[in-house]
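Shown next, in structure tokens, is the structure this report addresses.
All values below were derived from every heavy atom in this structure, side-chain atoms included, with hydrogens, water molecules and symmetry-related copies excluded. On a predicted model such as this, the values are computed, not experimentally measured, just so you know.
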Amino acid sequence: MVRVQPNTPINSDAPTRAAVRAAQRRRRSLLLLGVILVLVVAIAVVLGIFLTRGTGGEPEQEPASASGCLPSSLRITADPALAGALEAIVADLPSSGADCPDVTIVEEESSTTAAALAAGSAPDFDVWVPDSAMWPARATGQAELTGVDATDLEVSAAVASSPVVFAATEATATALEAAGAGFSSLAGRAVATVLPDPTTVAASSAALLALQSAVGGDARAFTGLVLGLDTGVVPTAAEALAAASAATTPTIAVTTEQELLEYSADAQTALVPIYPADLKPSLGVPLVTIADAPADTVEAVEVFAAAVAGGSGHLAEHGLRDAAGNAPDALPDSADAEVSPEPIDSANQAEALRTWQMLTAPSRMLSLNDVSGSMLQPATADTRRIDLFEQAAVRAVNSLSDDSSLATWVFSSRRIGGQDWQEVVPFGPLGDPVHKQRTIDTANGLDSLVGGGTGLYDSVLAAVQYMRDTYVPGQVHLVLLNTDGVNEDDEGLDLPELLAQLETLRDPAKPVAVIAIGYGPDTDQSALEQIAAATDGAAYQALQPTDIGTVLIDAVTQRGCRPNCG
């Protein structure tokens, strides 16, 4: 018996099993086609986004990794000490041939580039690679000091480094290293030192900053060191190394590890590095760029920076350490060479250089000397105040360098009609033997000019005004005031009026400091201190006769660090 399931059609119109399978295949094909269409649309959108960027819709240049080219040409200004390593690194950059943007490297001393930027010149570079971060700090600081509208710079972290070392012959190095030589040794004058010009050699300004630290920031001690080193300053690092090599007595040259390695490769007399036992300054090499550079230039700089960061082999070939301070293989085996040097604060280094320039700049000094009647009073049983001052004045004149200039004025009440002051020796260079001898003879004969009261305030104002009116850029301008009393000119300025006038004359671009020295207990020391403060100067008091010479010499030699000599 054949059973028939209810509701199951048995007529010939029912679909066969094959027809069902065909229908299923058609549905799957349609679904697959839909998926493919969606993917095609999605890919088109992604490609559209990739090929256009931003609201401008401009086609985007292929990145260097894809095209083999930098996205933009690069102009690189490099210190000569770094140019060789950078050329090798640039040669390794990806390139697809003549169609790629150019990368040019121009060698220029870091000090030259910094000076141009400080003067407001437009940068002729996309990347500046100085041998120290001090140089961009100096350029910015000098521009601010002089009111120049200079280009804004961006300074990267160090990409390479070279420690500051003392270069010496093998024998000198052995003796000094055994004694633990360091910057404290230089401060103690334990060894003769040759210093390349700090205004052009960054290793020297780094050494100056280390010397400041070695004397605990004592401005007077640092000034003494600077003035003592002045005779050991030579123009270049190569000349400093040559001087140390030729010296017949133990001598060191301040330099960088890299400079020493390059010098030793060609020198007949070998010099070796001494790594300071106390402070270990290191010059950090940054990449300096322009703050508002175009986007494609920024991208090219990033590619270049990455290449430098990965180019430690090329850096080492040219005697440089990497940013972490890893020593190049060219160094002699030495445990000290592996000690990590200490990065330097670039702003403080630039300030140390500015201080150096102030201390070593030629002085233009007006000596304003009290010749009122009280200067004839006895200072000791057989010596008058004027006699002690004359002796000290001669020693002070002899302490000044030949490139300084000096004028001598005297003052007492109403010397010329109603005028309290008188010029007795006009300005002239102390390098001129005739002028120097005339100045000394005048100092020895001041007692012949004594007479009258103390016309102090009008004379001080006249001296400061004269120095401002005849200001010579590049020199340190001082009025050296010597007096033993108080103002006795009732017809002239009083103290508040003088201070107000001095404040009006104040000009940071043309500073004229008053260094005031009061002799004996009768001096109005409070007035002298206020006068000095109003001109960023200093006031001294010599209470004992034996103090006069010491105070006068100290006032003269501290001329460059005012008002912060401590």
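- Applying the side-chain contact (heavy atoms from CB on, under 4.5 Å) criterion to T470, with sequence neighbours excluded, gives R364, Y466.
- Here salt bridge (Lys or Arg N to Asp or Glu O under 4.0 Å) pairs that include residues 103-121, with residues two or more places apart or in two chains, number zero.
- Partners of D124 according to the salt bridge (charged side-chain N to carboxylate O under 4.0 Å, His left out) rule, which considers only residues two or more places apart in sequence or in another chain, are R75.
- For the pair A206 and L283, the tightest heavy-atom approach, listed with the atom from each and the gap, is CB-CD2, 3.9 Å.
- Partners of A307 according to the side-chain contact (heavy atoms from CB on, under 4.5 Å) rule, which considers only residues two or more places apart in sequence or in another chain, are I89, L93.
- Scored by the side-chain contact (heavy atoms from CB on, under 4.5 Å) test, A158 finds no partners at all (sequence neighbours excluded).
- Of the possible polar contacts, one joining the T535 side chain to the V514 backbone as a donor-acceptor pair under 3.5 Å is found.
- Of all heavy-atom pairs spanning L315 and V308, the tightest one is CD1-O, 4.2 Å.
- In this structure, D432 contributes its side chain and V434 its backbone to a donor-acceptor pair below 3.5 Å.
- Here OG1 of T297 is found 5.0 Å from CG of D126. Values are rounded to the nearest 0.5 Å.
- Legend: residues meeting side-chain hydrogen bond (donor to acceptor under 3.5 Å, both in side chains) with S205, ordered by chain and number and at least two apart, are Q349.
- Remark: F183 engages F166 in a ring pair (Phe, Tyr, Trp, His ring centres under 6.0 Å) (not counting sequence neighbours).
- The side-chain hydrogen bond (donor to acceptor under 3.5 Å, both in side chains) pairs that include a residue from residues 143-154 number zero, where partners must be two or more places apart or lie in different chains.
- Looking at residues two or more places apart in sequence or on another chain, you find a side-chain contact (heavy atoms from CB on, under 4.5 Å) between D507 and R468, A509, K510.
- Every salt bridge (charged side-chain N to carboxylate O under 4.0 Å, His left out) that E351 has, sequence neighbours left out, goes to R354.
- For residues 184-198, the pairs satisfying side-chain hydrogen bond (donor to acceptor under 3.5 Å, both in side chains) are S184-D278, D197-T199, with sequence neighbours left out.
- A donor-acceptor contact shorter than 3.5 Å is absent between the side chain of S245 and the backbone of L241.
- Two residues are said to be in side-chain contact when any heavy atoms from C-beta on lie closer than 4.5 Å; I515 and V479 fail this criterion.
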Throw together a table of side-chain donor-acceptor distances under 3.5 angstrom for residues 134-141, partners on residues two or more places apart or in other chains.
from: W135; atom 1: NE1; to: D131; atom 2: OD1; distance (Å): 2.8
from: R138; atom 1: NH1; to: Q357; atom 2: OE1; distance (Å): 3.3
from: R138; atom 1: NH2; to: Q357; atom 2: OE1; distance (Å): 2.9
from: T140; atom 1: OG1; to: P136; atom 2: O; distance (Å): 3.1

_As a quick check of understanding, evaluate side-chain contact (heavy atoms from CB on, under 4.5 Å) for H435 and V425, giving each step before the final call._
CA-CA 9 Å; H435 178 74; V425 181; 3.6 Å; yes
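- Of the candidates T255, T256, L260, L260 is the only one forming a side-chain contact (heavy atoms from CB on, under 4.5 Å) with P273.
- Side-chain atoms of Q258 come within 3.5 Å of backbone atoms of H318 as a donor-acceptor pair (strictly under, hydrogens ignored).
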